[in-house]
> 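The structure under discussion is supplied below as structure tokens; questions concerning it will follow.
Remember, it's a predicted structure, so these values are computed and weren't measured experimentally. When a ligand or atom number is given, it counts from 1 through the structure's own listing order.
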Amino acid sequence: MSQAYSIIYDSASYDLANGMAKDLGLGLDGMVEIIRTAFKDGEFKLRFSNEVKADEAVLVMRMYPNVNDNVVALMFALSKLKGMGKSIRVVLPYLAYARQDKEFLSGEVASIYVIGDMMAHYGVKELITIDVHSHDILGRLGVRVTNLSASSMLSEYLNNSGGLSNPLVISPDEGSIERSRVFAEYIGTDYAYLKKHRDRATGEITTDEKELDVKGREAIIFDDMIATGGTIANAAKMAKSNGATKVLAVCTHALLIDGASDKLKDAGVDSIIASNTISNSFAVIDVSALISKALQRDA
Ligand code: R5P
């Protein structure tokens, strides 16, 4: 049977690829694994496990961890697909380097546009991603971007899990105000936001003190990602000192670098709730269905 799509994936993204293949009704020969063989000098080579049969190739890759190796693997795989003359869609549920979208300090490289240029060079028809860090980059990447959101699924999970009597959604910085506003709407409650500052040289995070209307309420701190946990830890401490009964840290991308989950626990976070754009033990929702729906809409 001919397949509408071939899904190309690496081993770290098997579960997402498999979920998508099931949703799209693809058989086993609709899935192609990218096998990496590493050499002692740090180089690796890629091999596609079987033939890419469909004209429409969908390459899915979790970019974290091992971001830089994954960027190279992405480039190699795209080169191969372009050589085969495929129509290429790339699914990067977590778009790494999206935070480096400016020359913040003089002389820096706005890395995300280099990633965009690379995809454009290999003729990528569409990039599908989820809760991209900055909407400013959409339309400027050189490839068409479909930016999906896991917010509605995360809010459904919270609404169905019970235990929330009068929550307040808190955006831990100004960058997440809009997504927190929408999330609060899904939850059916109000929201507040904090002002965060990051020292561009040291990376140190400080958050302005603010009175929050969270006394006797559950605080839902909502952000696109948890990396080191510093941003949410500051917000959690503030929610606690303002009388929150419970603190939930909710995000799409749980990178949870260097003991971030312990840092959050120490700051008063009761639970972390995340999606599986990055493999992590706090994932409660599976984004593969979201991606399949976007592909089906476009078919
Ligand atoms: C940046 O503004 C993002 O939205 C997140 O707030 C940030 O990346 C989280 O990083 P960390 O967990 O290291 O504070």
> Could you work out, for atom 12 (O) of ligand 1, the closest of Ala98, Gly229, Ser176, Gly203 by heavy-atom distance?
Gly229
> Side chain, backbone, both or neither: which part of Ile205 has a heavy atom under 4.0 Å from ligand 1?
side chain
> Which residue holds the protein heavy atom closest to atom 1 (C) of ligand 1, what is that atom called, and what is the gap in Å?
His133 CE1, 3.3 Å
> Compute the ring centroids of Tyr14 and Tyr9, then answer whether they are less than 6.0 Å apart.
yes
> Can you tell which part of Asp173 has a heavy atom less than 4.0 Å from ligand 1: side chain, backbone, both or neither?
side chain
> Who's the nearest protein heavy-atom neighbour of atom 8 (O) of ligand 1, and how far?
Arg99 NH1, 2.7 Å
> Output the list of atoms in ligand 1 that are nearer than 4.0 Å to some heavy atom of Asp224, sorted by atom number.
3 (C), 4 (O), 5 (C)
> What salt bridge (charged side-chain N to carboxylate O under 4.0 Å, His left out) pairs are there with at least one residue in residues 155-181, not counting sequence neighbours?
Asp173-Lys196, Glu178-Arg181, Arg179-Asp224, Arg181-Glu185
> Is the Tyr64 ring parallel, tilted or perpendicular to the Tyr94 ring (thresholds 30°, 60°)?
perpendicular
> Any side-chain donor-acceptor pair under 3.5 Å between Ser11 and Glu33?
no
> What residues, two or more places apart in sequence or in another chain, satisfy salt bridge (charged side-chain N to carboxylate O under 4.0 Å, His left out) together with Glu218?
none
> Determine, step by step, whether Leu16 and Val91 satisfy the side chain to side chain contact (heavy atoms under 4.5 Å, CB included) criterion, reporting the C-alpha distance in whole Å, the side-chain angles of both residues, the deciding distance to 0.1 Å, and the verdict.
CA-CA 10 Å; Leu16 294 175; Val91 179; over 6 Å; no
> Ligand 1 versus Thr231, non-hydrogen atoms closer than 4.0 Å: side chain, backbone, both, neither?
both
> Below 4.0 Å from ligand 1: does a non-hydrogen atom of Gly175 turn up there or not?
no
> Between the main-chain N or O of Val52 and the side-chain N or O of Lys86, is there a donor-acceptor pair closer than 3.5 Å?
yes
> Using heavy-atom distances only, which candidate in Asp131, Asp223, Thr228, Ile232 approaches atom 5 (C) of ligand 1 most closely?
Asp223
> Measure from atom 7 (C) of ligand 1 to every heavy atom in Arg179, Lys263, Arg198 and give the option owning the shortest one.
Arg198
